[in-house]
Amino acid sequence: LKIFQQEISYDPNDPDLELKQMIDEYLFSRHIIKGEYQQPFDETNAALQTMLSHCDDSFRSEAKMTMWYQCYIFKTRDMDMSYAELRHRTEYKDIEHGADEVRVTVHDAIQFRHPGDIDVLSSSRDTHVIRLHKVQGEWKITEDFPGSFLCHINEQYREFVSECPYSEESAIEQYVMDRWSAPSNKPTPLPDD
C-alpha cells in the first residue's frame with residue numbers, strides 16, 4: 001500500500017490532532033486483539049481495555065461483542081491470526097464537525113506477517129465511518145460502522161439485541177454470544193425462569 005511507503009506524521013497544530021490520535025489508538029487496539037485471539041477474551045486484556053476506553057457507554061457493548069465474535073470465528077475455524085510483525089496506518093478521508101458530534105471516515109490499513117509465513121508480507125485496508133462526541137472533554141466513539149467486509153457483524157449484533165428479551169447488559173451479551181455460537185445462528189432456547 002502506498003500509505004506504508006511514506007512516513008506519516010500529524011501537524012501539531014491540527015485542530016483534530018487529539019481526535020485522530022484517539023481513533024488511531026482505538027483502531028490499532030482492534031488489530032492487537034485479533035492478533036491475540038487465543039488469549040482469554042475478558043476486560044483484563046490490555047488491548048481490549050484500551051479499545052473500550054475510547055467507547056461511549058452507548059457503544060461499549062457493541063464494540064466488545066463484535067470483537068468477541070471476530071475472535072470466536074478465528075478460534076472455531078482454527079485460523080492463526082497472530083502477528084510476527086504488524087505495522088498500522090490510518091488515512092483520514094473526511095472529518096465532518098456537527099453541532100454535537102463528529103463523523104470521521106478513515107482508512108484503517110495494516111501490513112503484517114504471520115509467524116508461519118515469515119517470507120510473506122501481507123496488507124489489508126478497511127474503511128470505518130466513526131461517530132464521536134465529547135464526554136467530559138474527551139472524545140468517545142458512539143458508532144463504528146466498518147467497511148463492507150465487517151459491517152454484517154455490527155448489523156447482526158444490533159438485530160440480536162433488538163430481539164433479546166433481557167435488559168441487563170451481561171444477560172444481553174450472553175444472549176448475543178449464544179446466538180452467534182448456535183448452529184446456523186438459530187436462537188438458543190431461553191432458560192425457564
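This is a predicted model, so every value here is computed, not measured.
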Going by heavy atoms in the side chains, are [X] and [Y] under 4.5 Å from each other?
X: W139; Y: E18; value: yes
X: Y83; Y: I110; value: yes
X: R30; Y: H128; value: yes
X: V104; Y: V129; value: no
X: E43; Y: L52; value: yes
X: C71; Y: I33; value: yes
X: E163; Y: R179; value: yes

Cut-off 3.5 Å, side chains only: do [X] and [Y] have a donor facing an acceptor?
X: H133; Y: T142; answer: no
X: N45; Y: Q49; answer: no
X: W68; Y: E173; answer: no
X: D24; Y: T90; answer: yes
X: S181; Y: Y69; answer: no

Salt bridge (Lys or Arg N to Asp or Glu O under 4.0 Å) assessment of E169 paired with R60
CA-CA 10 Å; E169 183 176 334; R60 189 177 174 89; 5.6 Å; no
Using side-chain contact (heavy atoms from CB on, under 4.5 Å) as the criterion, list what pairs up with F59, not counting sequence neighbours.
Y26, C55, E62, A63, I141, D144
Would you call [X]-[Y] a salt bridge at under 4.0 Å N-O?
X: D14; Y: K20; result: yes
X: K93; Y: E91; result: yes
X: E101; Y: K134; result: no

Take atom CG of D11 as the centre, draw a 6.0 Å sphere, and report whether it contains more than 12 heavy atoms from other residues, nucleotides or ligands.
yes
Minimum heavy-atom distance P146-D126, with the two atoms named:
CB-OD2, 4.1 Å
